[in-house]
Novice: 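One structure coming up, written as structure tokens, with questions to follow.
All residue numbers in this chain count up from 1 along the given sequence. Note that the coordinates shown come from a computational prediction; the quantities given were computed from them, not determined experimentally.
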Amino acid sequence: MTGLKESVVSNVTDSSIEKHNRPQASSSTPSSNASADASGDRSVAAGNNINGIVQTGDGARATIFRLEDIPTPDSVNARPGLNNVPIRTDLFVGRAAELKRLDAAVGGGQAVIQAVHGLGGIGKSTLAARWTATRNHGYYPIRWIIAESPLDVRRGLAELAADLEPSLSGILSMEAQAQWALQWLASHTDWLLVMDNVDKLSDIEPLLAKAPKGNFLITSRSASGWRGMPTVSLDVLEEAEAIDLFSRIVSPTGANDLNGASELCRELGYLPLAIEQAAAYLAQNPLISPHAYLQLLSQYPASMFRQGAENTDEGRTIDRIWHVTLEKVSAKQPLAMDLLRALAWYAPDAIPAAVPSALLDGYADPPEIHEAIGLLVAYSMISADPGSRTYSVHRLVQSFLRSPDPNDPHRSPDLIDRARDLATHLHSAVPEDNEDSSSRETWAGLIPHIDHLFDESTPSNIDALTVLESTGIHLLKEGKFQQAVRYLERALSGAIQQLGEEHPWTLTYRHNLASAYQDANEFRRAIPLYERALEKREALLGKDDPETVTTRSNLACSYAQSGDTARAIPMLQHVLEHRERSLGNLHRVTIEARHNLACTYRDAGDQSRAIALLEEVLREANEVLGEDDPYTLTYLHNLATEYSATGNLDQAVPMLERAMEANIRLHGEDNHKTLLSQNSLAGAYDSIGRHEQAIALWKKSLDTAVRLLGEEHPHTRIIRKNLTFANASHNRAVQEYIPGTNPEG
């Protein structure tokens, strides 16, 4: 049976053919310059122009419209079946708070869904679809328009026009249909347009302006530029929600192995699209566990970011979704992509505000840097926290950007290598280590990111060596000896490889690593390094060079601390003579040399000589450096400790109290110098019978020592021993005080 055919033809008048192509009644022969053949039942052949409609076929008919006959938009009502929401939401999880906020926002007539991280794949479109499907909002029709560009918007409006009035598709151009749809929207109410993936507000402003009373639900990667419109901020899923989503896809019947699901969801940063992609892959490969998927992701990240299940839309993978955003960012400002790739090498959260400017220092001027940062925030590739003045980058974005892919122009191996090198440009954000509170706060913000950078990479340039060395020195001053050693070891190894054994920086790095070993009481490791550094410095710089003398002094102190005071004392006497001769008696370095000699006298058991020299040192330091100088406080503490050891507690206790108070004020509670002050003061309190205060201080200092130094550090063991002895003594004293108790029992 032949189907019904309908043609729609507009009536176009053209005077050039209206009167001159009529066939001659007396002639049945075609003109000499035209011929036509036709074959088959009801065929039509034309050898000349035809003015009219020729049709053939069973039941064929034509409907002819004149332009003036096209229905006006205000006369066309929405017929049933016009909703076109394309996204299923049967796997939707969580988002209760966001749905409620969306209820309130859309109730005002317009709404914007905005993801805090703005990542493709965070679930903006799914949330919009869920809201339209489950809310009793009363909107009809609900039209879903992909709105990534103005052309997409016009195409979506033209489709709306054709669905409202099918005859328009054969009469009007796409542009004309879009204008017809705009007029329809302006003349009707109670409809809802979901504008999905809007790039920028200007792309849809003409639409908003022509339908000011309309209802719009807008999703966008962009986190800015919405000019006061109500917004709903969308973040990643909660852990339980992510695991629920994963489980629904992987094992609806409970057949698959879900061991490791929590770890996998955490590694994927609780990003919905990443979880859906991984879960679909595992559902298709039921013998692969979440743990095995994690291994694949670690070993073959570029492939796994592309790989979905067999029926996965190729546009709905992490690789494809983020490629679109990276294309937009790169097209607008390549510098922003350089910055984003560099930030991928840090810890994901709480990146200090100074870091982006530090990385791009020397590569761009401040306006360009601010533009790059703003662009990344606008596309939500990074998020900004004004309260803490920090930035964050989703951990999966970082992993994606660290994974080289020769087929991706934004992740080529050379770009990733360059980004890693740029990340080490962090040295310009490193503060001068003057031990003030601002410097310590800056360091506290930087160190997690420096840790992450060098956990993920090896030092490959001078900037990296500078960051490693500066961080190690800071940690050394903070009393975090084991962390300091790890950084300084890497700095020395990198310097030897990049600069050679004889380079001045290499000599400095070797000296500083020896100092870290010395502070950690690892003298067997410190002494050989000092000896080698001294040998090299004497050969290259001379025996009387200040740096050579510094190494000789530190080597002598290591000898003394390891018990070889006979070897240490003449070396330190020689160092003091050199300092006095070259710098003068009251130079701070000379005072320090005098202090080191006094401590060695103490280690040798010559307390009277040690105390006399320490008293001289403290007087000089108060005069030259001031009472609150860190070196002065060290000298104060050491003299007070000697007073305490010789029974002069009346002088020792107030000096130790002052030292502890000043160290807390200057360095904070979690500092090695504060720790030593607390231990010494606790000992003095215990000696004068203030046992409860002593025990409280030792408990506090033991907690700090374990955290800073570790369980096995000599200082930790000493404090624990002091606390144990004090507790035992205090318990015996209590038992002796209570009548009828037996202190031995």
Side-chain angles (χ1 to χ4, degrees), residues 476 479 481-482 484-485 488-489 510-535 537-538 548-579 591-617 631 634-635 637-647 652 672-673 675-677 679-680 682-684 701 705 708-725:
L476 201 57
F481 302 132
Q482 296 305 319
V485 163
L488 295 173
E489 284 176 339
R510 181 174 286 111
H511 171 96
N512 290 342
L513 177 56
S515 296
Y517 288 145
Q518 179 182 359
D519 286 344
N521 282 21
E522 296 185 31
F523 303 114
R524 285 183 296 179
R525 302 178 75 180
I527 288 172
L529 271 182
Y530 274 138
E531 289 174 336
R532 187 168 185 185
L534 180 61
E535 177 188 352
R537 280 184 163 173
E538 285 182 342
T548 305
V549 176
T550 296
T551 300
R552 185 178 298 117
S553 175
N554 284 14
L555 173 59
C557 288
S558 285
Y559 286 151
Q561 290 172 290
S562 66
D564 192 355
T565 55
R567 194 173 184 182
I569 288 173
M571 290 180 69
L572 289 171
Q573 289 172 334
H574 177 75
V575 168
L576 179 57
E577 291 170 2
H578 181 276
R579 298 303 197 196
I591 297 171
E592 183 182 355
R594 194 170 290 120
H595 168 261
N596 290 341
L597 179 57
C599 290
T600 305
Y601 288 147
R602 175 202 62 200
D603 294 337
D606 192 347
Q607 288 183 310
S608 60
R609 199 171 183 183
I611 288 174
L613 198 52
L614 284 171
E615 288 173 338
E616 181 182 348
V617 165
Y631 283 91
T634 297
Y635 306 152
H637 170 268
N638 288 347
L639 176 57
T641 301
E642 288 308 299
Y643 283 155
S644 181
T646 56
H672 184 240
K673 294 178 180 178
L675 172 68
L676 296 182
S677 292
N679 180 59
S680 296
S701 59
L708 287 181
L709 310 177
E711 291 280 358
E712 300 306 316
H713 191 278
H715 291 168
T716 306
R717 292 201 299 267
I718 289 170
I719 294 169
R720 180 178 285 107
K721 182 179 178 181
N722 289 341
L723 176 59
T724 301
F725 183 80

Novice: Just how far is it from atom CZ of Arg579 to atom CG of Leu597, taken to the nearest 0.5 Å?
Specialist: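 So the CZ of Arg579 and the CG of Leu597 are separated by 13.5 Å.
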
Novice: Do Glu616 and Tyr635 have side chains that approach each other closer than 4.5 Å (heavy atoms only, starting at C-beta)?
Specialist: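 They are not in contact (no side-chain heavy atoms under 4.5 Å apart), so the answer is no.
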
Novice: Say whether, by atom type as modelled, one donor and one acceptor occur between the side chain of Ser680 and the main chain of Leu676 under 3.5 angstrom.
Specialist: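 Here the side-chain-to-backbone pair exists.
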
Novice: Answer with yes or no whether the side chains of Arg524 and Ser558 bring together a donor and an acceptor at under 3.5 Å.
Specialist: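 Note: Ser558 and Arg524 side chains miss the donor-acceptor criterion.
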
Novice: Distance from Asn554 atom CG to Asp519 atom CG, nearest 0.5 Å?
Specialist: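 It comes to 9.0 Å.
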
Novice: Nearest heavy-atom pair of Ala516 and Val485: which atoms, and what distance?
Specialist: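 Minimum heavy-atom separation between Ala516 and Val485: CB-CG2, 3.7 Å.
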
Novice: Looking only at heavy atoms, which two atoms of Ala598 and Ala610 are closest? And how far apart?
Specialist: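 Scanning both residues completely, I find the closest heavy atoms to be O-CB, 3.4 Å.
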
Novice: Would you mind reporting whether Arg552 and Glu538 have side-chain heavy atoms less than 4.5 Å apart?
Specialist: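 The answer is yes, as the side chains (C-beta and beyond) meet within the 4.5 Å cut-off.
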
Novice: Name the one of Thr551, Thr550, Thr548 that satisfies side-chain hydrogen bond (donor to acceptor under 3.5 Å, both in side chains) with Arg537?
Specialist: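 Single pass found, and it is Thr551.
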
Novice: Got Leu709 and His672 here, is their nearest side-chain heavy-atom distance under 4.5 Å?
Specialist: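 They are in side-chain contact.
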
Novice: Going by atom types alone, do Ser515 and Tyr530 pair a side-chain donor with an acceptor below 3.5 Å?
Specialist: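 Yes - a donor-acceptor pair under 3.5 Å links their side chains.
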
Novice: Mind checking whether Val617 and Asn638 have side chains closer than 4.5 Å, heavy atoms only?
Specialist: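 In short, these two side chains do not touch, never coming nearer than 4.5 Å.
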
Novice: Let me confirm one number: the NE2-CG distance from His713 to Leu675, rounded to the nearest 0.5 Å.
Specialist: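 If we round to the nearest 0.5 Å, His713:NE2 and Leu675:CG are 9.5 Å apart.
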
Novice: How many angstroms lie between OG1 in Thr600 and CG in Asp606, if you round to the nearest 0.5 Å?
Specialist: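 So the gap between those two atoms works out to 11.5 Å.
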
Novice: Could you tell me the separation between the CG atom of Asn521 and the NE2 atom of His715, rounded to the nearest 0.5 Å?
Specialist: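 NE2 of His715 is found 5.0 Å from CG of Asn521.
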
Novice: Whether the side chain of Thr724 engages the backbone of Arg720 through a donor-acceptor N/O pair (distance < 3.5 Å, no angle test) should be reported.
Specialist: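 It does hold such a pair.
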
Novice: Just by modelled atom types, is the Ala556 backbone N or O under 3.5 Å from a matching donor or acceptor in the Arg567 side chain?
Specialist: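 No, because the side chain of Arg567 does not come within donor-acceptor range (under 3.5 Å) of the backbone of Ala556.
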
Novice: Which atoms form the tightest heavy-atom contact between Glu711 and Arg717, and what is the distance?
Specialist: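 For Glu711 and Arg717, the tightest heavy-atom pair comes out as O-CG, 4.1 Å.
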
Novice: Below 4.5 Å, heavy atoms only, C-beta onward: do Thr565 and Tyr559 meet side chain to side chain?
Specialist: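 The answer is no; the side chains never approach within 4.5 Å.
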
Novice: May I ask you to test the Leu555-His511 pair for a side-chain heavy-atom distance under 4.5 Å?
Specialist: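 Answer no - side chains too far apart.
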
Novice: Working to the nearest 0.5 Å, report the span between CG of Leu529 and CZ of Arg525.
Specialist: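 One finds 8.5 Å between CG of Leu529 and CZ of Arg525.
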
Novice: Determine the sole option in Leu723, Ile719, Asn722 for which the side chain to side chain contact (heavy atoms under 4.5 Å, CB included) test with Ser701 is passed.
Specialist: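 The single option meeting the side chain to side chain contact (heavy atoms under 4.5 Å, CB included) with Ser701 is Ile719.
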
Novice: Does Ser553 reach the main-chain N or O of Val549 with its side chain, forming a donor-acceptor pair under 3.5 Å?
Specialist: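 Such a contact is absent between Ser553 side chain and Val549 backbone.
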
